[in-house]
Amino acid sequence: MPELPEVETVRRGLAPVMEGKVIARVTVNRPDLRFPLPERMAERLTGARVMQLRRRAKYILCDLSSGETLLIHLGMSGRMLLSGAGIGRFHHAPPLPGRHDHVVIEMEGGARVTFNDARRFGAMDLAATAGVEDHWLLRRLGPEPLGNAFDERYLAGRLKARASAVKTALLDQTLVAGLGNIYVCESLFRAGIDPRRPAARIAAARLGALVPVIRDVLAEAIEAGGSSLRDHRRADGELGYFQHRFQVYDREGAPCPRPGCGGTVRRIVQAGRSTFFCPRCQR
DNA sequence: ATGTGTTCCTGTCCGC
DNA sequence: TGCGGACAGGAACACA
């Protein structure tokens, strides 16, 4: 799915068309995504003003004037597409609902936000804004990797008892929330850490170096508008371009990009997911 | 309590 | 071209 940088990019794309605006109409084209959609979702959204769009890990949180918050998760293939009045130049003709257009939110003024998700691993829910951080989907999430709580001390403390490989540990959203397969692979490459290394057996100094590496990779990816693989798009329909900066992800067989290394990028499977790394310079 | 494997679903790509 | 299998940015769940 969209990982943290892609979700943040989508949030930034949606903010100008949703924040401060009233939801005029909601069309629900199927009753469920990964989970059933919330009861009476269309009615509860209609007429509410969007106060603020926030992000927590890979969730977009849409705070409403009704006192409720709409939680949105894009799963693997979810997209938020913008169309309608004021979006682009050639949208006079509306809306045959496209394949996998599951929820359409129309804002006052005519902008349309369409949640499209072929695989339907995405999710939406509505909950009271007060205490939304205790929502069952959010309450076990670890710290934001770009936040102050994520530092060397924290990371060392959480990893010291883990028998699993560091790659697998970093994908655990209860440890740190927002990383996914791409950015874990890229971060471990930059930090020179072997993804197979047991998490508990990484020297403190190397963990200390890993923290800013993760922050840098995420910040660069956000700056680039995320990565556009397969069907992922920014909300404005533009493509992100961080995929051109991948050093190992999806580059099996390519020469290691580290100058002078001479190794070859390898693909292995860990906990059922592909890992890309250079066995020569990641130790 | 951690660890891994399975599962949800559709689309695409690659080899025969 | 058609068909089968592998694989895809996630993560809840069941089980060792």
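All values reported here derive from a predicted model rather than from experimental measurement. These values consider heavy atoms only, across backbone and side chains, with no hydrogens, waters or symmetry-generated copies. Letters A, B, ... are given to chains in the order of the sequence lines, protein chains preceding strands, and every chain is numbered from 1.
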ask   = Under the ring-ring contact (aromatic ring centres under 6.0 Å, His included) rule, what pairs show up with a residue in residues 4-44 of chain A, not counting sequence neighbours?
value =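 Matches after skipping sequence neighbours: Phe35(A)-Trp136(A).
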query = So which pairs with a foot in residues 174-206 of chain A pass ring-ring contact (aromatic ring centres under 6.0 Å, His included), sequence neighbours left out?
reply =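 Sorted result for residues 174-206 of chain A: Tyr183(A)-Phe242(A).
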Nearest whole Å is fine: how far is [N] [atom2] from [X] [atom1]?
{"X": "Arg120(A)", "N": "dG10(C)", "atom1": "CZ", "atom2": "C1'", "value": "15 Å"}
{"X": "Leu138(A)", "N": "dG10(C)", "atom1": "CG", "atom2": "C1'", "value": "15 Å"}
{"X": "Asn181(A)", "N": "dA11(C)", "atom1": "CG", "atom2": "C1'", "value": "13 Å"}
{"X": "Leu137(A)", "N": "dG10(C)", "atom1": "CG", "atom2": "P", "value": "16 Å"}
{"X": "Leu175(A)", "N": "dA11(C)", "atom1": "CG", "atom2": "C1'", "value": "15 Å"}
{"X": "Tyr249(A)", "N": "dC7(C)", "atom1": "OH", "atom2": "C1'", "value": "10 Å"}
{"X": "Leu33(A)", "N": "dG10(C)", "atom1": "CG", "atom2": "P", "value": "17 Å"}
{"X": "Leu74(A)", "N": "dA8(C)", "atom1": "CG", "atom2": "C1'", "value": "15 Å"}

Pairs satisfying salt bridge (charged side-chain N to carboxylate O under 4.0 Å, His left out), at least one member in residues 155-166 of chain A, at least two apart =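 Every salt bridge (charged side-chain N to carboxylate O under 4.0 Å, His left out) pair that includes a residue of residues 155-166 of chain A, provided the two are not neighbours, is Arg162(A)-Asp172(A).
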Summary of salt bridge (charged side-chain N to carboxylate O under 4.0 Å, His left out) pairs that have at least one residue in residues 19-31 of chain A, sequence neighbours excluded =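 Applying salt bridge (charged side-chain N to carboxylate O under 4.0 Å, His left out) to every pair that reaches into residues 19-31 of chain A, excluding sequence neighbours, yields Arg25(A)-Glu106(A), Arg30(A)-Asp32(A).
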ask   = Do the charged groups of Glu144(A) and Arg56(A) touch, with an N to O distance under 4.0 Å?
value =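 Counted as a salt bridge, because a side-chain N and a carboxylate O are separated by less than 4.0 Å.
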task = Look at all strands and tell whether Arg34(A) reaches a base, only sugar-phosphate, or nothing, counting heavy atoms closer than 4.0 Å.
result =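 Base, at least one base heavy atom under 4.0 Å.
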Just the table, please: protein N/O against nucleotides 1-3 of chain B N/O, every pair under 3.5 Å.
from, atom 1, to, atom 2, distance (Å)
dG3(B), OP1, Ala163(A), N, 2.6
dG3(B), OP1, Ser164(A), N, 3.1
dG3(B), OP2, Arg162(A), NE, 3.2
dG3(B), OP2, Arg162(A), NH2, 3.1

key: Aro-ring/base stack Phe121(A)-dC8(B), d under 5.5 Å, angle under 30°   =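 Stacked: centres under 5.5 Å apart, planes under 30°.
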key: For the student: nearest non-hydrogen atoms of Gly226(A) and Thr9(A), plus distance   =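 Distance-wise, the nearest heavy atoms are N-OG1, 3.6 Å.
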request  = Sticking with atom P, work out how far dG5(C) lies from dT7(B), rounded to a whole angstrom.
outcome  =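 It works out to 16 Å between them.
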inquiry  = Could you tell me how far dG5(B) sits from dC7(C) if I compare only their P atoms? Round to whole Å.
reply    =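 Taking atom P in both dC7(C) and dG5(B), they lie 14 Å apart.
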State whether [X] places a side-chain N or O below 4.0 Å from either non-bridging phosphate oxygen (OP1 or OP2) of [N].
{"X": "His100(A)", "N": "dC9(B)", "answer": "no"}
{"X": "Ser274(A)", "N": "dA8(C)", "answer": "yes"}
{"X": "Arg99(A)", "N": "dG11(B)", "answer": "yes"}

inquiry  = According to side-chain hydrogen bond (donor to acceptor under 3.5 Å, both in side chains), who are the partners of His135(A), at least two apart in sequence or on a separate chain?
reply    =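 Counting only residues at least two positions away or on another chain, His135(A) forms a side-chain hydrogen bond (donor to acceptor under 3.5 Å, both in side chains) with Asp125(A).
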message = Nearest heavy atom decides the nucleotide; on that basis, is Phe35(A) or Val269(A) closer to the 5' end of DNA chain C?
response =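 Result: Val269(A).
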First of Arg140(A) and Arg267(A) reached from the 5' end of DNA chain C, by closest nucleotide =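 Of the two residues, Arg267(A) wins.
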remark   = Given Watson-Crick and G-U pairs under 3.5 Å, DNA chain B in dot-bracket ([ ] crossing, | other strand) is .|||||||.|||||||
request  = Could you tell me whether the side chains of Arg267(A) and Ser274(A) share a donor-acceptor contact shorter than 3.5 Å?
outcome  =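 Note: Arg267(A) and Ser274(A) side chains meet the donor-acceptor criterion.
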query = Choosing from dA12(C), dA11(C), dG10(C), which nucleotide comes nearest the side chain of Gln173(A)?
reply =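 The closest nucleotide is dA11(C).
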task = Compare the minimum distances between each of dG10(C), dT10(B), dA12(C) and the side chain of His73(A), then state the nucleotide with the smallest one.
result =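 So the side chain of His73(A) is nearest to dG10(C).
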With Phe277(A) via ring-ring contact (aromatic ring centres under 6.0 Å, His included) - residues at least two apart =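 None.
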ask   = Is there a donor on the side chain of Arg119(A) or the base of dC9(B) sitting less than 3.5 Å from an acceptor on the other?
value =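 Result: at least one qualifying N/O pair found.
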key: Pairs meeting criterion side-chain hydrogen bond (donor to acceptor under 3.5 Å, both in side chains) with involvement of residues 200-215 of chain A, two or more places apart   =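 Qualifying pairs, neighbours excluded: none.
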